[in-house]
There are 2 protein chains.
Amino acid sequence: MFSNSLKYAIKAVLYLAQHSCEKQKISAKHISESILVPHAYLAKLLQELARHNIISSSKGPKGGFYLNQENRQQPLINLIRAIDGQQKLSTCVLSLKDCDEKRPCPLHNLVAPSKKNLMDSLEHKTLAEISSEIEKGISFFPL
Amino acid sequence: MFSNSLKYAIKAVLYLAQHSCEKQKISAKHISESILVPHAYLAKLLQELARHNIISSSKGPKGGFYLNQENRQQPLINLIRAIDGQQKLSTCVLSLKDCDEKRPCPLHNLVAPSKKNLMDSLEHKTLAEISSEIEKGISFFPL
DNA sequence: TCTTAAATATGACAAATATCATATTATTAT
DNA sequence: ATAATAATATGATATTTGTCATATTTAAGA
Ligand code: FES
Ligand code: FES
């Protein structure tokens, strides 16, 4: 459902949401060891996320990656789009040209409701909200 | 969302649902030309589907692939499992070991309802039903 | 029984994704 | 200023997925 890269990216960002702030930046190495993801690979993903302004970064000693307030207020879908690209989730499941309510493909009516539901969720849930649910014990993020 | 292989397989099976029966078998070559899928690749997929009893086949002249009554009564999920394997749809979106309502991962509550909804749909909709909707003009299957 | 049409089995090749490595650049602190 | 730290840019390798090709087996029909 989600690519490997995306899973890693989500884990890393959630880790940052919980352990970083403007004053407490975290290195790619530290993150990779914490969430058990190959560090060279994660570094690349983090760079991509920083480039898309999903996360923040600063170079040099005491530098690292972190989430600022603006980052935290973004919906999860932004992260997904940054890693997997724009279209992945929005195209027809059979890759037909125009996925259209007027001319639905044989699977459209079957999957469209679930998909719309999922998209709405991803569109509205912010990183801050997800992080807060972990803190409240509503969800669990094992490392 | 669905792999390329799966999309091709679904198209081929829907084509068979509409154009084949025990007395009217269709060759891989004919199918591949009709649904515009590379024929060597499709042949492999069709063989895999036949092996899993999603579709029927017979060798030799006048042979080919087709759907019998039993094939048509199967839910779409069987086809998906035959091509993409058992686990793809059932695992945690973050690949955590036990996706559990008791200990939901940070994305579980967000995606689980949509996923459950989709799984239920795929579990209950038969190939016959999908095919019938195309015939009734409820959905469209452009070739 | 022989030819032919088709699936089946197997494997080679290509492209995309995932993984690893390294040289460069920027920033902090001494 | 200089040394150390950490991101950035770039690219190499490995694995998976997608694509293509071919030899073998089975069954129909002449
Ligand atoms: S037309 Fe295929 S999913 Fe909408
Ligand atoms: S625990 Fe991750 S999706 Fe259920």
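Since the structure is predicted, the reported quantities are computational estimates derived from the model, not experimental observations. These values consider heavy atoms only, across backbone and side chains, with no hydrogens, waters or symmetry-generated copies. Every chain is numbered from 1, with letters handed out A, B, ... down the list of sequences.
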[X] [atom1] to [N] [atom2]: how many Å, rounded?
| X | N | atom1 | atom2 | answer |
| --- | --- | --- | --- | --- |
| A/Ile31 | D/dA6 | CD1 | P | 12 Å |
| A/Ile83 | C/dA16 | CD1 | C1' | 16 Å |
| B/Leu49 | C/dA7 | CG | P | 13 Å |
| B/Lys25 | C/dT8 | NZ | P | 12 Å |
| A/Lys29 | D/dA4 | NZ | C1' | 15 Å |
| B/His52 | C/dT8 | NE2 | C1' | 15 Å |
| B/Leu46 | D/dT19 | CG | C1' | 15 Å |
| A/Glu48 | D/dT10 | CD | C1' | 13 Å |

Can B/Phe141 be reached from B/Leu49 by stepping across I, L, V, M, F, W or Y side chains whose heavy atoms are under 4.5 Å apart?
->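 They do share one cluster, since a chain of ILVMFWY contacts under 4.5 Å joins B/Leu49 to B/Phe141.
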
Do B/Leu107 and A/Ile138 share a hydrophobic cluster, counting only Ile, Leu, Val, Met, Phe, Trp and Tyr and linking them when any side-chain heavy atoms are less than 4.5 Å apart?
-> no

Does A/Lys116 have any side chain to side chain contact (heavy atoms under 4.5 Å, CB included) partners at least two apart in sequence or in another chain, and if so, which?
->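 Partners of A/Lys116 under the side chain to side chain contact (heavy atoms under 4.5 Å, CB included) test: A/Asp120.
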
Taking OP1 and OP2 of C/dA5, is either one under 4.0 Å from a side-chain nitrogen or oxygen of B/Ser27?
-> no

Tell me whether the OP1 or OP2 atom of D/dA9 has a side-chain N or O from A/Arg51 closer than 4.0 Å.
->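 It does, given that an N or O in the side chain of A/Arg51 lies less than 4.0 Å from OP1 or OP2 of D/dA9.
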
Please list, one pair per line, the donor and acceptor atoms closer than 3.5 Å that link side chains of residues 9-18 of chain A to other protein atoms, with sequence neighbours excluded.
{"residue": "A/Tyr15", "atom": "OH", "partner": "A/His30", "partner atom": "NE2", "Å": "3.0"}
{"residue": "A/Tyr15", "atom": "OH", "partner": "A/Ser34", "partner atom": "OG", "Å": "3.1"}

Pair B/Thr126-B/Arg72, side chain to side chain contact (heavy atoms under 4.5 Å, CB included): steps then yes or no = CA-CA 7 Å; B/Thr126 65; B/Arg72 289 171 194 275; over 6 Å; no

Quick one: is the NZ or CZ of B/Lys7 closer than 6.0 Å to the six-membered ring centre of B/Phe2, and within 45° of its axis?
-> no

Applying salt bridge (Lys or Arg N to Asp or Glu O under 4.0 Å) to B/Glu129 and not counting sequence neighbours gives none

Contacts of B/Lys62 that satisfy salt bridge (Lys or Arg N to Asp or Glu O under 4.0 Å) - sequence neighbours left out = none

Looking only at non-hydrogen atoms, find the nearest pair between A/Asn53 and A/Gln74 and report the distance.
->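 Shortest heavy-atom separation between A/Asn53 and A/Gln74 comes out as O-NE2, 3.1 Å.
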
Its contact letters, B for base, S for sugar-phosphate only and - for none at protein heavy atoms under 4.0 Å, make nucleotides 20-30 of chain D read BB---BBBBS-

For A/Leu42, which contact category applies under a 4.0 Å heavy-atom criterion: base, sugar-phosphate, or nothing?
->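 Answer is nothing: A/Leu42 stays at 4.0 Å or more from every strand.
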
Using a cut-off of 4.0 Å on non-hydrogen atoms, how would the nucleic acid contact of B/Ala28 be classed: base, sugar-phosphate, or nothing?
->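 Result for B/Ala28 = sugar-phosphate.
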
Between residues 2-12 of chain A and DNA chain C, which residues have a heavy-atom gap below 4.0 Å?
->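 DNA chain C contact set from residues 2-12 of chain A: A/Ser3, A/Asn4, A/Ser5, A/Tyr8.
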
